[in-house]
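Worksheet for the structure shown next.
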Amino acid sequence: MEKLSGVVERITFVNEENGFSVIKIKAPRQADLVTVVGNMASVNVGAVVELKGKWIFDSKYGRQFKVYTYEEKLPATIAGLERYLGSGLIKGIGPVNAKRIVKKFKEDTLRIIEEEPDRLIEVEGIGTKRVEMIKKAWVEQKEIKNVMLFLQEHEVSIAYAVKIYKTYGNESIKVVQENPYRLADDIWGIGFKIADKIASKLGYDQNSYARCRAGLIYVLNQLANEGHCFAFCEQLFKEAEEMLDIERTLLENALKMMIKEEIVILDGEDRIYLPAFYYSELGVAKRIKEIIGTDKPSALLKMEKIIAQIQKEEKIIYDEVQLEAIKVACDSKFMVLTGGPGTGKTTTTLAIIRVFEKMAAKILLAAPTGRAAKRLAEATGRDARTIHRLLEYKHPNGYLKNAENPLDCDVLIIDEVSMMDILLMYNLLKAVPNKAIVILVGDMDQLPSVGPGNVLKDIINSGKVKVVKLTRIFRQAQGSRIITNAHKINQGEFPYLKGGSKSDFFFIEEEDPERIVEQIKSLCAKRLPAYYRLDPINDIQILTPMQRGVVGVRNLNEVLQETLNPAKEYVTYGGVKFKLHDKVMQIKNNYDKNVFNGDIGRIISINQEEKKVRIRFDHQVVDYDVTELDEVVLAYASTIHKSQGSEFKIVIAPFLTQHFIMLQRNLLYTCVTRAKKVMVLLGTKKAIAIALNNNKVEKRNTMLQERLKD
């Protein structure tokens, strides 16, 4: 191996996922800057690096030095110190403050920061608050570097090293050495496979109980991500056996121990639950029965007169099914109102609200997401909150509204219930007083919740709760091709694809994915904004069945970011560029920040010095550390699954036969029903036909229906 040393002048690229970096260094006896490539856990501009590797020639980029091992040394010159401190190494020190600090302390700068950091107050423009920030950041970056170097030996990414340090602090290396499988339990984004890889490098026994336990929990969590509340024993063993490559008897013994330790729960003969899902399923069934079993208030007997009064005042006539829904709502303790678009769910919900208001009942309205709650508030003219806000979630105490501190209401109406998973439904019902009337509103034909369970369908199919299904499409809705086509799709009929100047549904036939991308760019950047006079980022949403591929979420987001967002300011994390003004989506529930899976926002500021990104969501502004950006993704395009409960002025959706594995009737139906003003479908009629003919909804492992019947 050859040796090379020099000063880091520029960092061209860093992939936080694997540590691969491209840097430029100024080296002795080299006329130009040298390009260095390879895995370098953490190097900084201005630092001196000593490298071991070999010279290579890349056909595209020319002569490069490929590094195998390296050592970073602190800069010795004034200019080097300025660049080193101003490179973003330490939160609180940007280029301006770096210049001031080095001007004040000269070659003694790093010793001052290390040994006498309180003296930084002597520097113009640096106050006590910033001194504390710099002190903390200096200690962190040193310790993170140690963690990074340790983990890099075991092929763990920089991004995960930062997360590990944030979780365990100075105990990081000790925790990883003692039980690497803890990482899978404690740190979001580090799954079993990464923990297993670290364990293997550390020489852990492949047949150990710790590995079997972690592997079985991983499989249960993966099944939960697919919507299952439990795994059948055979299903669990088969997947774990294949993944872990160990004998089944070891897994069987591990599972017995896990059941004994109550890490998992055996229900019946062969159903294995993680405890949260088991108790939530039991709890939902129990709470529904308790609410149904409580007497109704006698004031509801005045219902007939009130309905007549409302119809007279509002100059409205409800049809038979709507009248039935109002009467069932007033005559039941627990009911479901379901129906497709244009069938009058909103009108009926509003009528129910008015009836209860005439009875002086206290009504609460909520929905699972911020966007769905906003739509409910706009449609009813009443206050509507997200379920998390309704239940007053506060970290670290959890939901402040619960069985001991229930909601103060006579009637609770929840919209978009098809989105609710078993955990959220249980937390909601725990906080509902038995005296209350509960009305669930949703479209049972949409995709089921992203989380585990099939709550709305299970409640309906149990036969234990009153259900009113609205089926008639109202005359004003019949003029919308979006609505009529949604109902055609739901019934397995081919949609009407011929557009027209007055239509709100358009089909562009194209089977070449590259040309579809060009069409989408043109529609978003020019044609639709010019014709409808709207904001292409806020008002147009691309929905696609897949993550990968030319017309998948990832590629479309990169293309549309480049097309629609000219901003120059950005940060990079995990190989993704996040620019000022970008449209982004939260992809995990973050209770500390009060943002939840599926919330859409815009980046409104980037602070390079403090490594902070500020995002405005519908209901609040939230700060993210750069290392937390794995919780958000670009959202110019998203999957159809992620669009549940949202409504967009214009939806553009590619449907191609290459999406074959995902093409289902309820997927196409959900996609079309997200469009409020215009729906543009691109692709082939064959792909649409495949989706229409595939009405096999994958069965989820749930027992709620049976528990309600029991």
Side-chain angles (χ1 to χ4, degrees), residues 303 307 310-311 314 316-332 334-355 367 372 375-376 379-380 413-420 438-448 454-496 504-505 644-645 647 664-676 679 688 691-697 705:
M303 175 181 57
I307 293 171
I310 289 168
Q311 289 188 118
E314 302 290 333
I316 192 170
I317 297 173
Y318 300 120
D319 71 4
E320 286 178 22
V321 182
Q322 288 180 310
L323 283 170
E324 184 202 349
I326 298 164
K327 288 172 182 174
V328 168
C330 294
D331 198 39
S332 308
F334 206 108
M335 78 164 279
V336 173
L337 176 66
T338 185
T343 56
K345 281 202 307 292
T346 302
T347 308
T348 309
T349 303
L350 190 51
I352 291 168
I353 291 168
R354 283 177 177 143
V355 169
R375 280 174 54 205
L376 180 60
T380 60
I413 299 176
I414 305 293
D415 198 12
E416 294 288 358
V417 178
S418 62
M419 297 179 68
M420 290 184 69
V438 177
I439 299 165
L440 306 182
V441 183
D443 186 346
M444 66 180 283
D445 295 316
Q446 280 191 34
L447 290 167
N454 205 348
V455 177
L456 182 61
K457 241 176 192 165
D458 282 350
I459 289 172
I460 290 170
N461 292 339
S462 72
K464 294 296 179 184
V465 167
K466 292 282 182 66
V467 178
V468 177
K469 184 168 187 180
L470 304 173
T471 53
R472 180 183 147 219
I473 305 174
F474 281 82
R475 193 171 63 195
Q476 61 268 37
Q478 287 172 4
S480 165
R481 192 74 73 192
I482 292 171
I483 288 172
T484 53
N485 274 342
H487 286 274
K488 276 177 171 286
I489 290 164
N490 202 27
Q491 288 151 24
E493 297 172 19
F494 208 86
Y496 186 84
D504 59 0
F505 192 106
Q644 284 174 274
E647 195 175 63
Q664 289 182 312
R665 189 186 297 176
N666 63 353
L667 188 85
L668 180 57
Y669 174 73
T670 300
C671 177
V672 170
T673 54
R674 300 306 90 210
K676 187 177 181 182
M679 176 75 217
I688 294 169
L692 288 172
N693 292 325
N694 181 7
N695 199 30
K696 293 176 187 169
V697 180
Q705 187 178 323

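Throughout, residue positions are numbered sequentially from 1 according to the sequence presented.
- In this structure, CG on Leu337 lies 5.5 Å from CD1 on Ile352, to the nearest 0.5 angstrom.
- Atom CG of Asn695 sits about 8.5 Å away from atom CD of Gln664, to the nearest 0.5 Å.
- With sequence neighbours left out, the side-chain hydrogen bond (donor to acceptor under 3.5 Å, both in side chains) criterion links Asp458 to Thr702.
- Taking both residues in full, the closest heavy atoms of Gln311 and Tyr318 are given as OE1-N, 2.8 Å, listed atom of the first, atom of the second, then distance.
- Taking the side chain to side chain contact (heavy atoms under 4.5 Å, CB included) definition, one finds that Val465 meets it with Ile288, Ile292, Phe334, Val336, Ile459, sequence neighbours left out.
- A donor-acceptor contact shorter than 3.5 Å links the side chain of Ser480 to the backbone of Ile483.
- In this structure, Lys464 has no salt bridge (charged side-chain N to carboxylate O under 4.0 Å, His left out) partners at least two apart in sequence or on a different chain.
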Distance-only donor-acceptor hits, side chain of residues 667-674, under 3.5 Å, sequence neighbours excluded:
residue : atom : partner : partner atom : Å
Tyr669  : OH   : Asp443  : OD2          : 2.5
Thr670  : OG1  : Leu447  : N            : 3.0
Thr670  : OG1  : Asn666  : O            : 2.7
Thr673  : OG1  : Tyr669  : O            : 3.0
Thr673  : OG1  : Thr670  : O            : 3.0
Arg674  : NE   : Thr670  : O            : 3.0
Arg674  : NH1  : Ser646  : O            : 2.8
Arg674  : NH2  : Gln446  : OE1          : 3.4

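- Gln322 is listed as a side-chain neighbour of Thr347, based on a closest heavy-atom distance under 4.5 Å.
- What you find for Thr338 and Gly442 is that their closest heavy atoms are OG1-O, 2.8 Å.
- You'll find the side chain of Asn485 reaches within 4.5 Å of the side chain of Arg481, heavy atoms only.
- Closest heavy-atom contact between Gly340 and Lys345: O-NZ, 3.7 Å.
- Side-chain contact check for Val321 versus Lys469: every heavy-atom pair is 4.5 Å or farther apart.
- Residues Ile460 and Lys457 are not in side-chain contact: their nearest non-hydrogen atoms beyond the backbone lie 4.5 Å or more apart.
- In terms of the salt bridge (charged side-chain N to carboxylate O under 4.0 Å, His left out) criterion, residue partners of Arg375 (sequence neighbours excluded) are, by chain and number, Glu416, Glu647.
- Among the candidates Ile326, Ile413, Asp415, Ile439, the single residue satisfying the side-chain contact (heavy atoms from CB on, under 4.5 Å) test with Thr349 is Ile413.
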List the atom pairs, donor and acceptor, that lie under 3.5 Å between side-chain atoms in residues 487-496 and the rest of the protein, sequence neighbours left out.
residue : atom : partner : partner atom : Å
His487  : NE2  : Pro341  : O            : 2.6
Asn490  : ND2  : Asp445  : OD2          : 2.9

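- The shortest heavy-atom contact between Ala325 and Thr348 is CB-CG2, 3.5 Å.
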Query - Candidate pair Lys327 and Ile307, rule side-chain contact (heavy atoms from CB on, under 4.5 Å), full reasoning - result: CA-CA 9 Å; Lys327 288 172 182 174; Ile307 293 171; 4.2 Å; yes

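- Taking CZ of Arg354 as the reference point, atom CD1 of Ile310 lies at 7.5 Å (rounded to 0.5 Å).
- For the pair Val468/Met335, a side-chain contact is recorded, criterion being any heavy-atom separation below 4.5 Å from C-beta on.
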